Amino acid sequence: MVETQGYGCEEHKVTTDDGYILSLQRIPKGISGKAATNPPVLLQHGLLMDGITWLLNPTDESLAFILADDGYDVWIANTRGTKYSQGHTSLSPQDPAYWEWSWDELVDFDLPATFKYVHDQTGQKLHYVGHSLGTLIAFAAISENKLLDMLRSAALLSPIAYLGQIKSPLAISASQNFIAEGLYWLGIHEFDPRGEAVVKLLEKICQDPGNNCSDLMNSFTGPNCCVNSSRTDIFLEHEPQATATKNMVHIAQMTRKGTIEKFDYGNDEENSKHYGQPNPPQYIMSNIPNNIPLFLGYGGADYLSDVNDVKILLDKLQNHNPDKLVLQYREDYAHADFVFGTNAKEIVYNPIMAFFKLN
């Protein structure tokens with residue numbers, strides 16, 4: 001995806017403390033061939049996606065290429081379980097134990113390992129860009145004082161901390177019917193959107209007259225204003241990617257409870273075994289340090305990062321240093337517009353690069 005566009009690409013491997021081997025791609029210079037003069041930027045994709053998120057549009061519309069051409073040292077993360085990060089020191093993706101994780105583990109292991117690797121390789125603090133789940137794990141990690149000594153600033157697109165008010169009929173239907181839990185109890189630990197079990201479930205959800213499955217992307221993410229439909233075929237060649245069923249269960253718990261907390265094992269005894277307390281610990285958003293430069297971009301048409309949920313988050317960040325918090329609201333943007341919008345460069349990416357230059 002990178003080299004075919006005339007850019008250089010390096011492949012890096014990062015091993016997490018719990019044994020997952022992640023692949024990171026680096027675009028060390030822009031199309032001109034001039035070495036990066038700006039700090040490293042780590043790009044972290046969302047749920048059921050991988051690093052190709054940042055490369056799917058033409059080079060003048062894809063954030064990874066735009067940053068590289070603007071002199072940034074670009075690093076593209078791929079979460080455990082995605083096609084490029086299926087390695088492990090002792091397990092294979094065929095082992096149910098390989099899939100025994102939720103986004104808590106991304107907070108505890110993937111993000112810190114990736115940050116540390118880029119920081120060690122470059123000797124510099126990082127800018128971070130997350131989309132969707134990539135924002136959730138950043139909020140959670142920063143609220144627990146992780147990453148802070150390696151982070152310059154964070155640009156968080158379609159920010160997710162609270163999910164109690166999502167508008168996606170498909171996601172609501174799946175969480176209210178405990179679909180992910182059902183798969184998990186059936187012993188299906190890998191949630192593969194292209195796999196037989198998930199496809200059958202989708203067919204079932206789509207029989208509900210309230211769910212429009214003719215356009216799955218918009219049914220899940222909202223009516224995206226600015227995604228070029230001619231790119232759909234390229235998108236479908238690469239995405240969606242697998243994740244852990246346990247991760248989907250964790251997200252469903254968030255939509256039902258409206259809280260941001262660690263995985264709930266469902267009973268006092270199991271929770272006590274894992275956490276030393278009967279309820280899962282909360283991630284406290286107001287613990288995010290007030291002086292961390294944050295850029296939050298959210299959209300009025302987003303079904304997953306709902307405006308009302310974003311307001312709850314902003315309420316928790318109300319003491320944030322106003323000079324360090326940039327908010328960008330775009331009425332017509334839905335979830336995918338932030339990464340696939342044909343006009344995202346003007347609307348989102350140019351302001352992000354201006355924000356990076358200040359920090």
Side-chain angles (χ1 to χ4, degrees), residues 46-48 101-108 130-144 156-184 191 205 208 210-211 219-222 243-268 270-272 274-275 277-288 294 296-320 325 327 329 333-335 338:
L47 183 66
L48 303 179
W101 52 268
S102 82
W103 59 263
D104 287 332
E105 279 71 27
L106 307 184
V107 172
D108 290 339
H131 177 240
S132 188
L133 186 76
T135 72
L136 173 62
I137 60 177
F139 286 130
I142 295 168
S143 77
E144 293 193 327
L156 304 170
L157 307 176
S158 295
I160 284 180
Y162 299 93
L163 281 172
Q165 300 175 79
I166 58 170
K167 292 202 169 67
S168 161
L170 293 182
I172 292 167
S173 185
S175 86
Q176 285 173 348
N177 293 311
F178 291 81
I179 297 285
E181 286 82 351
L183 287 173
Y184 189 78
F191 187 91
I205 294 175
D208 182 329
N211 292 332
S219 300
F220 266 117
T221 63
T243 188
T245 305
K246 184 175 177 181
N247 192 31
M248 299 301 279
V249 172
H250 194 175
I251 288 160
Q253 291 173 354
M254 294 171 70
T255 65
R256 290 192 298 265
K257 294 184 183 179
T259 53
I260 174 170
E261 60 185 30
K262 294 185 189 287
F263 185 85
D264 189 347
Y265 286 90
N267 63 61
D268 294 0
E270 275 296 301
N271 282 333
S272 295
H274 283 91
Y275 306 123
Q277 57 184 67
N279 296 312
Q282 303 267 340
Y283 290 99
I284 313 290
M285 292 296 99
S286 53
N287 284 350
I288 291 173
L294 296 177
L296 304 185
Y298 63 112
D302 196 327
Y303 278 2
L304 297 173
S305 172
D306 183 81
V307 172
N308 294 309
D309 282 327
V310 175
K311 287 200 171 99
I312 299 174
L313 170 66
L314 293 177
D315 192 44
K316 306 282 184 194
L317 299 177
Q318 61 185 340
N319 294 325
H320 209 84
L325 183 61
L327 298 180
Y329 173 69
Y333 259 38
H335 205 68
F338 285 96

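All values derive from a computational prediction rather than experimental measurement. Below, each value reflects all heavy atoms present in this structure, side chains not excepted, and no hydrogens, waters or symmetry copies.
- A ring-centre distance under 6.0 Å is found for Tyr283 and Trp103.
- His335 and Thr221 share no side-chain donor-acceptor pair at under 3.5 Å.
- Using a 4.5 Å heavy-atom threshold, the side chains of Thr259 and Gln253 count as separate.
- Ser132 approaches Ile160 most closely through the heavy-atom pair OG-CD1, 3.7 Å.
- Thr255 and Ser175 form a side-chain donor-acceptor contact under 3.5 Å, judged by distance and modelled atom types alone.
- Between His274 and Tyr265, a ring centre-to-centre spacing shorter than 6.0 Å is recorded.
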- [ ] Please test Val249 against Phe263 for side-chain contact (heavy atoms from CB on, under 4.5 Å), starting from the C-alpha separation and ending with a verdict.
- [x] CA-CA 8 Å; Val249 172; Phe263 185 85; 3.8 Å; yes
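- Residues Tyr275 and Lys262 have side chains that never bring a donor and an acceptor to within less than 3.5 angstrom of each other.
- The two residues Ile179 and Ser173 have their closest heavy-atom pair at CG1-O, 4.5 Å.
- A donor and an acceptor atom, one from each side chain of Asn247 and Thr243, are located under 3.5 Å apart.
- Contact of the Leu317 side chain with the Ser286 side chain is not registered, since no non-hydrogen atoms from C-beta on lie closer than 4.5 Å.
- Of all heavy-atom pairs spanning Ser158 and Thr135, the tightest one is O-OG1, 3.8 Å.
- A side chain to side chain contact (heavy atoms under 4.5 Å, CB included) with Ile251 holds for exactly one of Leu163, Leu304, Ile166; it is Leu163.
- Note on Lys311 versus Asp306: no salt bridge recorded, every NZ/NE/NH1/NH2 to OD/OE distance being 4.0 Å or above.
- Atom NE2 of His131 and atom CG of Leu156 lie 11.0 Å apart (nearest 0.5 Å).
- Gln165 and Asp309 are linked by a side-chain donor-acceptor pair at a separation below 3.5 angstrom, with hydrogens and angles left out of the test.
- Put simply, CG on Leu327 and NE2 on His320 are 10.0 Å apart, with the number rounded to the nearest 0.5 Å.
- Counting heavy atoms from C-beta outward, Ser305 and Val310 have side chains that approach closer than 4.5 Å.
- Across all their heavy atoms, Met254 and Ala161 have their closest contact at CE-O, 3.4 Å.
- Across all non-hydrogen atoms, the minimal contact from Gly300 to Tyr329 is CA-OH, 3.3 Å.
- For the residue pair Ser143/Asn287, the side-chain donor-acceptor check at 3.5 Å is not satisfied.
- The shortest distance between side-chain heavy atoms of Leu48 and Leu133 does not fall below 4.5 Å.
- Remark: Glu261 does not engage Arg256 in a salt bridge, criterion side-chain N to carboxylate O under 4.0 Å.
- Ring centers of Phe338 and Tyr333: under 6.0 Å apart, within the cut-off.
- Within the 3.5 Å criterion, the main-chain N or O of Asn279 finds a donor-acceptor partner in the side chain of Gln277.
- For the pair Tyr162 and Ile260, the minimum side-chain heavy-atom distance is below 4.5 Å.
- Checking side-chain atoms of Ser272 against main-chain N and O of Asp268 turns up a donor-acceptor pair under 3.5 Å.
- A donor-acceptor pair is defined here as one N or O able to donate and one able to accept, closer than 3.5 Å; no such pair exists between the side chain of Glu144 and the backbone of Ala141.
- Across all non-hydrogen atoms, the minimal contact from Lys257 to Pro280 is NZ-CG, 4.3 Å.
- Between Leu314 atom CG and Leu325 atom CG the span is 7.0 Å, to the nearest 0.5 Å.
- Counting only heavy atoms from C-beta outward, the side chains of Asp264 and His250 never approach each other to under 4.5 Å.
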